[in-house]
Amino acid sequence: MDGEGSAAGVGALLAAALRVYERSYGGEAQVAVCAPGRVNLIGEHTDYNQGLVLPMALPLVTVIVGSSTSGQSCSVETITDSADEPRRVDFDLPTESSPLTRGRPAWANYVKGVVQHYRAQPLPAFKAVIASSVPLGGGLSSSASLEVAVYTFLQQLCPDDGDKVAKAVACQQAEHTHAGVPCGIMDQFVSVLGKEGHALLIDCRSLEATPVPLADPALVILITNSNVRHSLTGSEYPSRRKQCENAAAILGKSSLRDATMQNLEDAKDRMDSVTYQRAHHVIEEIARTAQAADALKRGAYAEFGRLMVESHNSLRDLYEVSCPELDVLVAAAMEVDGVFGSRMTGGGFGGCTVTLLQADATERTIKHIQEKYSGRPTFYITTPSEGARVLSGMKS
Ligand code: GLA
């Protein structure tokens with residue numbers, strides 16, 4: 001990551017985690033792994049509608065170092081900002097009669113959830129340290145990167161069958177049951193299967209992914225963190241998901257993936273206007289994502305950028321998940337010569353925008369956004385990176 005953001009590289013995170021491990025538990029960690037956050041280029045709020053998404057894995061990662069230990073008691077420590085909650089947690093391995101449940105600290109729920117949904121047995125107890133450069137609550141999937149890092153760590157202690165899609169699904173389940181967020185599959189999928197130099201066109205119905213090359217040195221992918229997060233996020237996401245399911249049911253489809261704009265128009269008088277708007281966004285966004293992936297393959301960046309802006313406007317006006325800060329960031333970026341497109345990314349209500357631009361326009365774009373945005377944005381100039389991996393140089 002060579003942006004303006006102060007993101008630590010993998011090496012620095014690893015070194016920091018190993019130091020804490022030695023101080024807290026003594027000795028050397030046997031295992032070190034990492035899993036990335038993600039930025040979604042286009043295809044927002046389509047994953048839980050069985051649609052298409054086009055994210056890429058980031059160089060921002062969650063690192064876990066640790067070792068197996070005897071007994072039943074696991075200890076996990078985080079060195080990442082944890083919102084004034086304890087940084088260390090101890091819990092027993094789950095049994096059939098006493099599964100791991102949600103509790104405090106909140107960050108540990110992701111760990112417990114993945115332990116609970118892990119796909120091989122018998123898991124040994126473990127002690128571990130977590131360090132992350134993915135900004136928390138910034139819409140870059142800090143939670144998925146933690147879940148996938150935990151799963152990858154457990155794979156080193158007790159190998160599963162190596163099925164990567166099943167791994168992503170287990171991590172998604174952990175988020176559903178232990179974080180209480182009924183998320184789609186995008187974040188965990190790309191954190192597991194991300195490919196260096198490529199975005200991933202993921203079909204969230206078949207769970208197949210097509211890598212799309214994205215390594216043109218004349219192109220920059222700029223992430224701008226608004227550094228705001230509006231607290232309505234909790235209820236808004238599940239309510240959007242329900243509205244979409246409701247729309248699909250009215251249309252007589254198993255998901256909005258199977259619906260066309262014609263179907264929706266035909267059923268317009270059988271649904272309220274909000275349900276109509278939500279379905280309108282999803283149906284068009286799925287089509288836009290297919291077009292955008294095609295444009296990217298052809299190097300048609302201007303076309304890709306136009307689709308990004310259409311996506312943003314639809315998220316703002318029809319899906320109503322943007323916020324004034326994100327709208328200002330997008331509008332500011334679009335005023336700069338050399339910018340192809342910009343949009344909010346992730347769940348919404350704050351977090352980040354993603355902007356596609358000519359590399360030689362980077363400096364003036366950052367400067368212009370800083371002038372136009374009254375908050376304090378953080379910038380990341382980023383490249384598509386590899387999914388979860390074991391970090392070399394460790395004993396295992
Ligand atoms: C969050 C969820 C994803 C996806 C996006 C919106 O990041 O975790 O599954 O639904 O919002 O596209």
Side-chain angles (χ1 to χ4, degrees), residues 1 7 10 13 33-41 43-48 53-64 76 78 80 82 102 106-119 130-155 163-195 199-200 202 204 207 209 223 225 229 233-234 237-238 241 345-352 354 380 382 384-389:
M1 173 79 42
V10 179
L13 281 175
V33 300
C34 74
R38 63 99 188 92
V39 67
N40 189 19
L41 299 173
E44 216 67 84
H45 289 279
T46 50
D47 60 352
Y48 52 83
V53 292
L54 188 66
M56 58 177 235
L58 292 173
L60 301 169
V61 295
T62 298
V63 164
I64 300 187
V76 185
T78 178
T80 305
S82 46
R102 287 169 74 177
W107 62 264
N109 290 329
Y110 300 103
V111 180
K112 292 181 192 169
V114 174
V115 170
Q116 186 65 43
H117 289 279
Y118 189 66
R119 297 175 53 258
I130 301 169
S132 186
S133 55
V134 190
L136 298 182
L140 300 180
S141 291
S142 53
S143 50
S145 79
L146 174 54
E147 289 149 8
V148 173
V150 171
Y151 197 104
T152 309
F153 172 70
L154 299 180
Q155 284 177 303
D163 182 331
K164 291 190 172 190
V165 173
K167 171 177 174 178
V169 171
C171 292
Q172 179 198 22
Q173 289 307 312
E175 177 121 5
H176 286 190
T177 58
H178 286 67
V181 181
C183 63
I185 191 66
M186 166 169 69
D187 306 346
Q188 293 80 7
F189 194 107
V190 70
S191 184
V192 174
L193 286 116
K195 194 165 147 60
L200 277 194
I202 307 168
C204 300
L207 297 184
I223 295 173
N225 191 345
R229 180 128 287 258
T233 328
Y237 188 92
R241 191 171 176 154
T345 185
F349 303 108
C352 295
V354 57
Y380 302 100
T382 189
S385 304
E386 201 59 24
R389 55 205 183 267

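Residue numbers count from 1 along this sequence.
Using bins of under 30°, 30° to 60° and over 60° for the plane-to-plane angle, the ring pair H45/Y237 lands in the tilted bin. Between H117 and H178, the two ring planes are perpendicular [angle over 60°; tilted spans 30° to 60°].
Looking at T382 and P59, their side chains come closer than 4.5 Å, going by heavy atoms from C-beta outward. Contact of the N40 side chain with the V354 side chain is not registered, since no non-hydrogen atoms from C-beta on lie closer than 4.5 Å. P384 places none of its side-chain heavy atoms less than 4.5 Å from the side chain of K195. Here the side chains of T46 and C204 are not in contact, with every heavy-atom distance at 4.5 Å or above. In this structure, N225 and P135 have side chains that are in contact, with non-hydrogen atoms separated by less than 4.5 Å. A heavy-atom distance below 4.5 Å is not found between the side chains of F153 and I130.
Smallest separation of non-hydrogen atoms from G37 and V134: N-CG2, 3.9 Å. Across all their heavy atoms, R102 and T177 have their closest contact at CD-O, 3.5 Å. Between T62 and S145 the shortest heavy-atom distance is OG1-OG, 2.7 Å. Closest approach of C352 and G138 over heavy atoms only: SG-O, 3.1 Å.
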Inset, instruction - Starting from the C-alpha separation in whole Å, work towards a yes-or-no answer on side chain to side chain contact (heavy atoms under 4.5 Å, CB included) for Q188 and C183. - result: CA-CA 10 Å; Q188 293 80 7; C183 63; 3.8 Å; yes
Legend entry - L207/F189 under side chain to side chain contact (heavy atoms under 4.5 Å, CB included): CA gap, chis, key distance, verdict: CA-CA 9 Å; L207 297 184; F189 194 107; 4.3 Å; yes
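Distance CG/D187 to OG/S142: 9.5 Å, rounded to 0.5 Å. Rounded to the nearest 0.5 angstrom, M56 CE and L200 CG are separated by 10.5 Å. Going from atom CD1 of I202 over to atom CG of D47 covers 8.5 Å, rounded to the nearest 0.5 Å. To the nearest 0.5 Å, the span separating CZ on R119 from CD on Q155 amounts to 8.5 Å. In this structure, CD1 in I64 is found 6.0 Å from CG in L146, a value given to the nearest 0.5 Å. Note that the CG atom of L58 and the CD atom of E386 stand 13.0 Å from one another [nearest 0.5 Å].
Sorted by first and then second residue, the salt bridge (charged side-chain N to carboxylate O under 4.0 Å, His left out) pairs with a member in residues 163-185 form an empty list; sequence neighbours excluded.
Although no hydrogens or angles enter the test, the distance criterion places no donor-acceptor pair under 3.5 Å between the side chain of T152 and the main chain of R389. In terms of modelled atom types and a separation under 3.5 Å, the side chain of R229 and the main chain of G137 share a donor-acceptor contact. Proximity of a side-chain donor or acceptor of Q172 to a complementary backbone N or O of G184 within less than 3.5 Å is detected. Judged purely by atom type and a 3.5 angstrom limit, T80 uses its side chain to pair as donor or acceptor with the backbone of S132. Without hydrogens or angle criteria, Q116 side chain to A174 main chain gives no donor-acceptor distance under 3.5 Å. The closest donor-acceptor contact from the side chain of E44 to the backbone of G347 lies at 3.5 Å or more, if one exists at all.
Applying the side chain to side chain contact (heavy atoms under 4.5 Å, CB included) test to A35 and every residue at least two apart in sequence or in another chain returns V148, A149, S191, A388.
The only member of V39, L140, I223 that meets side-chain contact (heavy atoms from CB on, under 4.5 Å) when paired with L60 is L140.
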